[in-house]
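For reference, the structure discussed in these notes is given below.
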Amino acid sequence: MLVERIETLYGQPLAALEGHIATAPHDSMLSALLGSLTDLQLAERSITFHQDRLRQLAHPERSIEAFDAGHMLDNARRIGEAVAVRDAHARTLSAVLQSLHRVPAPTPQPTPAAAPPVPSARPAPAAPARTQ
């Protein structure tokens with residue numbers, strides 16, 4: 001859903017936006033959004049990895065030794081951390097995307113015709129001085 005919102009905001013597919021970032025300066029809003037999106041996706045992959053590892057360690061046909069228990073606790077802790085990271089990035093990205101919206105390109109306004117030049121105002125001739 002966040003990917004679609006970024007694509008809608010910038011009017012291009014994610015792959016094109018990532019290509020644009022590769023050639024553009026990294027101090028843009030798009031760069032920040034894509035960086036946070038990458039961090040969010042990394043957290044999701046971490047959740048999946050540690051969840052799968054925990055399932056392997058806790059498989060019903062496998063005996064659990066003291067050594068395994070430590071690994072299980074470590075994987076459970078890492079899942080918790082990855083979930084917290086993912087949720088933080090998702091909230092931040094959602095808030096930023098909610099504050100941004102696509103602004104339509106301005107329609108070109110016709111340039112007004114130049115006004116005819118105003119004749120220069122000449123001062124009125126001075127009245128002759130009175131002699132007494």
Side-chain angles (χ1 to χ4, degrees):
M1 177 162 149
L2 292 172
V3 171
E4 291 86 14
R5 288 173 67 186
I6 293 172
E7 290 174 336
T8 300
L9 179 65
Y10 286 91
Q12 295 180 9
L14 187 62
L17 295 173
E18 289 169 338
H20 175 71
I21 289 299
T23 61
H26 296 291
D27 58 347
S28 68
M29 178 59 73
L30 177 59
S31 178
L33 287 171
L34 294 182
S36 284
L37 180 64
T38 299
D39 292 341
L40 171 74
Q41 292 167 336
L42 179 62
E44 288 176 342
R45 285 193 302 273
S46 181
I47 292 167
T48 301
F49 173 81
H50 290 292
Q51 188 178 34
D52 290 346
R53 182 66 182 134
L54 187 58
R55 285 185 181 130
Q56 289 173 351
L57 291 170
H59 193 274
E61 296 177 8
R62 191 172 187 280
S63 66
I64 298 175
E65 304 297 326
F67 180 76
D68 298 320
H71 285 290
M72 292 170 79
L73 285 171
D74 184 54
N75 277 279
R77 180 187 57 78
R78 289 176 190 237
I79 290 170
E81 290 171 354
V83 167
V85 168
R86 179 201 59 197
D87 292 350
H89 281 293
R91 278 191 307 273
T92 301
L93 274 170
S94 293
V96 170
L97 287 170
Q98 196 169 24
S99 71
L100 299 173
H101 46 83
R102 189 167 177 84
V103 177
T107 56
Q109 298 293 327
T111 56
V118 176
S120 60
R122 295 187 184 186
R130 290 189 185 188
T131 56
Q132 297 196 356

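Atom-to-atom distance recorded for Met29:CE and Leu9:CG is 9.5 Å, nearest 0.5 angstrom. Between atom CG of residue Leu54 and atom NE2 of residue His59 there is a gap of 12.5 Å, rounded to the nearest 0.5 Å.
Cluster note: Met1 groups with no other residue, as no ILVMFWY side-chain heavy atom lies under 4.5 Å from it.
Here the closest non-hydrogen pair linking Ile21 and Ser28 is CD1-OG, 4.0 Å. Scanning all heavy atoms of the two residues, the minimum distance from Leu30 to His20 falls at CD2-CD2, 3.8 Å.
The side chain to side chain contact (heavy atoms under 4.5 Å, CB included) test applied to Ala84 returns no partner, not counting sequence neighbours. Judged as a side chain to side chain contact (heavy atoms under 4.5 Å, CB included), and not counting sequence neighbours, the contacts of Leu57 are Arg53, Arg62, Asp68, His71, Met72, Asn75. Shown here are the salt bridge (charged side-chain N to carboxylate O under 4.0 Å, His left out) partners of Asp52, two or more places apart in sequence or in another chain: Arg55. For Asp74, the salt bridge (charged side-chain N to carboxylate O under 4.0 Å, His left out) partners at least two apart in sequence or on another chain are Arg77, Arg78. A search for salt bridge (charged side-chain N to carboxylate O under 4.0 Å, His left out) contacts involving Arg91 returns nothing, not counting sequence neighbours.
Leu93 and Tyr10 fall within the same hydrophobic cluster, defined by Ile, Leu, Val, Met, Phe, Trp and Tyr side-chain heavy atoms under 4.5 Å apart, directly or through other members.
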Side-chain donor-acceptor contacts of residues 33-49 below 3.5 Å, not counting sequence neighbours, with atom names and distances?
| residue | atom | partner | partner atom | Å |
| --- | --- | --- | --- | --- |
| Thr38 | OG1 | Leu34 | O | 2.9 |
| Thr48 | OG1 | Glu44 | O | 3.1 |

